[in-house]
Amino acid sequence: QVQLEESGGGLVQAGGSLRLSCSASGRIFRINDMGWYRQAPGKQRELVAMSFRGTATNTADSVKGRFTISRDSATNTVYLQMNSLQLEDTAVYYCYAHVIAVGTLTKGNDFWGQGTQVTVSS
């Protein structure tokens, strides 16, 4: 009923930039939170950045000053502008959304994208 589709991943050199996009579609009444997680090989999944309903955002310390999250609520799309990429940023990036679906009578649900690979090379 709700789909999250990521795009924009790829291979970039250290110091380069990349822009990830994630669009949510389906029977959506409202999306409260949208953001990005990532998981590197041998590591646990970690929060990268989150956009909350309203104007508040949160960015992990490891990417502050380099990554910027933004959201277009009209199209249910969240972006992650990634600048000054480092080797340590290599991971699968997953889009996340907390969605109140049409017809939902209780609390909203968490939805995840399939993930997009970001590889940073030297």
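Residues take their numbers from the sequence shown, with the count starting at 1. Computation of the quantities below employed the complete heavy-atom set of this structure, encompassing side-chain atoms and omitting hydrogens, waters and symmetry-equivalent molecules.
- In this structure, Met34 CE and His98 NE2 are separated by 12.5 Å, a value rounded to the nearest 0.5 Å.
- Contact detail for Leu80 and Ala49: the closest heavy-atom pair is CD1-CB, 4.2 Å.
- Distance check, rounded to the nearest 0.5 Å: CD of Gln114 to SG of Cys22 gives 11.0 Å.
- Looking at Ile31 and Val99, their side chains come closer than 4.5 Å, going by heavy atoms from C-beta outward.
- A single hydrophobic cluster is not seen to contain both Met50 and Val78; linkage of ILVMFWY side chains at heavy-atom distances under 4.5 Å, directly or through other members, places them apart.
- Evaluation of the side chain to side chain donor-acceptor pair (under 3.5 Å) rule for Ser23 yields Thr77 as partners, not counting sequence neighbours.
- A 4.5 Å side-chain heavy-atom check between Gln117 and Thr90 finds at least one atom pair inside the cut-off.
- The ring-ring contact (aromatic ring centres under 6.0 Å, His included) analysis of residues 99-122, with sequence neighbours excluded, yields the pairs Tyr37-Trp112, Tyr96-Trp112.
- Cluster membership check: Met82 shares its hydrophobic cluster with Leu87, using side-chain heavy-atom separations under 4.5 Å among Ile, Leu, Val, Met, Phe, Trp and Tyr.
- We find the OG1-CD distance between Thr119 and Gln13 to be 13.0 Å, quoted to the nearest 0.5 Å.
- Judged as a salt bridge (charged side-chain N to carboxylate O under 4.0 Å, His left out), the pairs with a partner in residues 23-38 (not counting sequence neighbours) are, in order, Arg38-Glu46, Arg38-Asp89.
- There is a path of hydrophobic side-chain contacts, each under 4.5 Å, that joins Val12 to Leu20.
- When atom types are taken as modelled, the side chain of Arg71 and the backbone of Phe52 share a donor-acceptor pair closer than 3.5 angstrom.
- Closest approach of Ala101 and Gln1 over heavy atoms only: CB-NE2, 3.1 Å.
- In Gln3, the CD atom is not crowded: 12 or fewer heavy atoms of neighbouring residues, nucleotides or ligands sit closer than 6.0 Å.
- A donor and an acceptor atom, one from each side chain of Glu5 and Ser7, are nowhere located under 3.5 Å apart.
- If you chain together ILVMFWY residues whose side-chain heavy atoms come under 4.5 Å of each other, Val102 ends up grouped with Phe29, Ile100.
- Annotation: the span from Gln39 atom CD to Gln44 atom CD amounts to 8.5 Å, rounded to 0.5 Å.
- Counting all heavy atoms, side chain and backbone alike, Leu47 lies closest to Trp36 at CD1-O, 3.6 Å.
- Applying the ring-ring contact (aromatic ring centres under 6.0 Å, His included) test to every pair with at least one member in residues 64-85, sequence neighbours left out, gives no pairs at all.
- Within the model, atoms OH of Tyr94 and OG1 of Thr116 stand 10.0 Å from one another, a figure rounded to the nearest 0.5 Å.
- The nearest pair of heavy atoms linking Ser17 to Gln81 is CB-NE2, 4.1 Å.
- Residues in residues 54-63 take part in these side-chain hydrogen bond (donor to acceptor under 3.5 Å, both in side chains) pairs, two or more places apart or across chains: Asp61-Lys64.
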